[in-house]
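Structure first, commentary second.
Every value quoted in this text rests on a predicted model; they were computed, and no experiment measured them.
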Amino acid sequence: MMSEQKPVRVRFAPSPTGHLHLGGARTALYDFLLARQTGGQFILRIEDTDRKRYVAGAEEEICAGLRWLGLEYDEGPDVGGPCGPYRQSERKEIHQEYAQRLVKEGHAYYCFCSPERLSKVREEQQRQKLNPRYDGTCRNLAPSEALRRVNEGEPYTVRFRTPKDGVTRTTDLLRGEIAVDNSSLDDIILVKSDGYAVYHLAATVDDHLMQITHVIRGSEWLSTLPVHALIHRAFGWDEPVWVHLSVFLKPSGKGKMSKREAADLAKDGYSIFIKDFEALGYLPEAVNNWIALMGWSYDDRTEFFSMYDLIEKFNLEKLTPSPAAINFTKLDHFNGLHIRALQPGDLARRIKPYYQREGYVTDDDTLLKIAPIVQEHIVTLDEVVEKAGFFFKDSVVPVAEDLVAKGLTARQSAEIARKAYHLLSQFSEMKADVIEPPMRKLVEELGLTAGQVFGILRVAVTGQKVSPPLFESMEIVGRERVLARIQRAINLLEAMG
RNA sequence: GCCCCCAUGGUCUAGUGGUUAGGACACAGCCCUUUCAAGGCUAUAACAGGAGUUCGAAUCUCCUUGGGGGCACCA
């Protein structure tokens with residue numbers, strides 16, 4: 001199936017008004033996959049024509065988020081490219097030029113209605129249960145008069161002259177033909193009175209100029225799709241392939257993600273913002289794998305995909321149009337799978353920051369030894385600190401009660417610890433495969449279970465009831481610390497009586 | 001209110017006229033086991049409802065219901 005597809009040019013076009021979230025990331029992922037698969041280009045374009053909504057730092061966060069996910073773009077505001085600028089605010093004159101062309105050719109007209117009048121008209125229409133729509137006051141102004149008013153400095157906007165009747169048909173890749181009566185369409189504003197183009201014009205012009213072949217975006221654009229098609233046609237341009245992705249719903253599947261919902265998520269250690277995933281211990285490859293499968297599938301059983309797999313196997317044909325509820329437990333599952341798929345050396349490198357974040361002083365040799373023994377015990381990277389922090393501590397402080405083995409007294413537990421201490425102290429090194437057989441023999445001699453004996457030692461050596469495998473852990477902790485920790489445990493048990 | 005879109009287990013989905021409706025997550029039980037996991041096995045669980053078309057519908061059509069999106073000088 002290695003395609004003979006033509007190289008695509010696709011763009012991810014977020015507005016810098018907030019955080020990069022899962023929905024955006026998934027759109028960008030699909031863009032990226034398609035571009036890489038076909039040998040085309042993935043472009044980042046910042047849609048910042050609304051200066052009022054501009055959020056400082058948002059663009060940087062988007063770029064950083066895409067890079068963290070591994071979605072390197074070929075052209076964009078901070079990397080340049082042949083179709084720049086890639087920030088729409090810097091393309092104001094270009095947009096105006098094309099708006100003029102539409103006006104000259106009769107596809108658009110100047111409108112001098114004030115926002116105040118417009119909103120009053122709208123309120124009145126709503127009161128009368130009519131559909132809110134521009135009332136057409138300026139639609140039939142004589143071009144010469146309109147031009148005169150423009151030249152006199154009167155504030156104006158440019159509106160698209162939508163056909164009054166007929167039907168506009170266009171095609172969405174996932175849904176087939178989308179047909180709408182032109183009578184239900186509005187004369188949308190193309191250029192605002194501040195001179196900046198509105199999305200509908202800016203995106204259309206830029207997509208054409210940047211030779212975008214596939215427009216992949218959220219389904220919130222579906223209702224304006226006919227207008228976008230009409231604008232393309234007014235310019236005489238071919239339409240790109242339209243791909244409208246379904247939205248993500250909240251985990252319950254009932255309703256879309258809300259601000260409140262997002263806040264609740266944080267309490268459970270989840271987030272919908274890409275900037276948070278690293279700190280929460282997620283791997284970018286897991287996040288990609290997870291969101292790739294929300295709206296796309298490969299076959300009836302394959303679910304684990306590396307980025308390499310995704311690039312090879314992604315296809316637009318298997319996209320689904322129905323909305324998907326975000327399922328964070330599935331993300332946890334994928335994260336576990338991807339952690340286990342890592343080379344231990346890679347895992348060692350990736351867990352390091354989580355230790356350092358908590359103030360641990362680590363060394364790479366030890367990290368390299370820890371990686372393979374925690375690998376199949378953690379689902380998020382940050383867990384490594386609570387599960388395997390004891391490796392980097394001089395000593396641990398067990399809860400005395402935890403040292404008492406199930407079914408035994410403190411006194412008996414102390415006696416077992418003493419015997420283990422005696423046995424272990426005879427070895428010059430704590431090699432796991434060397435000390436395990438005699439330890440098991442000890443268990444047998446004592447007539448106890450492995451769980452009872454090893455449980456005491458686990459708490460003694462790690463300070464925790466839950467830890468990575470005991471003997472491997474003891475090997476890393478090392479002879480001196482192991483013995484010191486067991487001695488301390490003996491003392492604690494004896495103090496209990 | 002009007003317009004557009006969507007509809008298979010709790011969730012993500014496979015399925016494009018004939019299948020015992022498949023897989024995954026979650027959940028429950030069992031096995032394995034030095035803890036926690038991981039792994040293995042088993043179980044529970046779905047075609048929203050109603051009309052049609054057809055010898056035969058999860059698959060095609062229509063209606064209803066439910067959900068989502070849009071109706072700005074925001075994107």
Of the candidate nucleotides [options], which contains the atom at the shortest distance from the side chain of [X]?
| X | options | value |
| --- | --- | --- |
| Asn327(A) | U11(B), A38(B), C5(B) | U11(B) |
| Thr320(A) | U13(B), A26(B), U34(B) | U13(B) |
| Arg301(A) | G68(B), G22(B), C3(B) | G22(B) |

Answer yes when [X] and [Y] have at least one side-chain N-carboxylate O distance shorter than 4.0 Å, and no when they do not.
| X | Y | result |
| --- | --- | --- |
| Arg440(A) | Glu436(A) | yes |
| Arg233(A) | Glu239(A) | yes |
| Lys120(A) | Glu123(A) | no |
| Asp207(A) | Arg45(A) | yes |
| Arg117(A) | Asp135(A) | yes |
| Asp402(A) | Lys465(A) | yes |

Would you mind pulling out the nucleotide paired to [N], Watson-Crick or G-U wobble, both distances under 3.5 Å?
| N | result |
| --- | --- |
| U35(B) | none |
| U44(B) | none |
| G18(B) | C55(B) |

When the [atom1] atoms of [M] and [N] are compared, how many Å lie between them, rounded to an integer?
| N | M | atom1 | result |
| --- | --- | --- | --- |
| C30(B) | A37(B) | P | 15 Å |
| C2(B) | G49(B) | C1' | 26 Å |
| A24(B) | U19(B) | P | 23 Å |

Using heavy atoms to find the nearest nucleotide of RNA chain B for Lys465(A) and Arg175(A) separately, return the residue whose nucleotide is more 5′.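 Its nucleotide being nearer the 5' end, the pick is Arg175(A).
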If you find the nucleotide of RNA chain B closest to Gly455(A) and the one closest to Pro321(A), which residue's nucleotide is nearer the 5' end?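 By nearest-heavy-atom nucleotide position, the 5'-most residue is Pro321(A).
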Atom pair distance, as rounded to whole Å: [atom1] in [X] and [atom2] in [N]:
| X | N | atom1 | atom2 | result |
| --- | --- | --- | --- | --- |
| Leu185(A) | C3(B) | CG | C1' | 9 Å |
| Lys250(A) | G68(B) | NZ | C1' | 12 Å |
| Leu424(A) | U34(B) | CG | P | 17 Å |

Taking only the side-chain nitrogens and oxygens of [X], find out if one of them lies under 4.0 Å from OP1 or OP2 of [N].
| X | N | answer |
| --- | --- | --- |
| His377(A) | A37(B) | no |
| Ser246(A) | C6(B) | no |
| Lys318(A) | G15(B) | yes |

Hey, does [X] reach any base, or is it just sugar-phosphate, or nothing, if we go heavy atoms under 4.0 Å?
| X | value |
| --- | --- |
| Gly218(A) | nothing |
| Ile178(A) | sugar-phosphate |
| Leu293(A) | sugar-phosphate |
| Ser467(A) | base |
| Phe471(A) | base |

Could you tell me if Arg159(A) sits above the aromatic ring of Tyr134(A), with its cationic atom closer than 6.0 Å to the ring centre and no more than 45 degrees from the axis?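 Yes, a cation-pi geometry holds between Arg159(A) and Tyr134(A).
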Taking the six-membered ring of Tyr156(A) as reference, does the NZ or CZ atom of Arg149(A) fall below 6.0 Å from its centre and within a 45° cone about the axis?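 No.
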His200(A) ring center near His228(A) ring center (under 6.0 Å):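 When the ring centroids of His200(A) and His228(A) are compared, they turn out to be within the sub-6.0 Å range.
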Summary of protein contacts for nucleotides 70-75 of chain B, nucleotide by nucleotide, where a base hit scores B, a sugar-phosphate-only hit scores S (4.0 Å, heavy atoms): SSSBBB
Base, backbone or nothing for each nucleotide of nucleotides 58-64 of chain B, written B, S, -, heavy atoms under 4.0 angstrom, 5' to 3'? -------
Establish whether the base of A24(B) is bridged to the side chain of Lys330(A) by a donor-acceptor pair shorter than 3.5 Å.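 Under the 3.5 Å cut-off, the side chain and the base do form a donor-acceptor pair.
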By ring pair (Phe, Tyr, Trp, His ring centres under 6.0 Å) - contacts of Tyr270(A) (at least two apart):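 In terms of ring pair (Phe, Tyr, Trp, His ring centres under 6.0 Å), with neighbours along the sequence ignored, Tyr270(A) is linked to Phe328(A).
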Tell me if a side-chain donor or acceptor on Asn182(A) pairs with a main-chain N or O of Lys164(A) at a distance below 3.5 Å.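 No, because the side chain of Asn182(A) does not come within donor-acceptor range (under 3.5 Å) of the backbone of Lys164(A).
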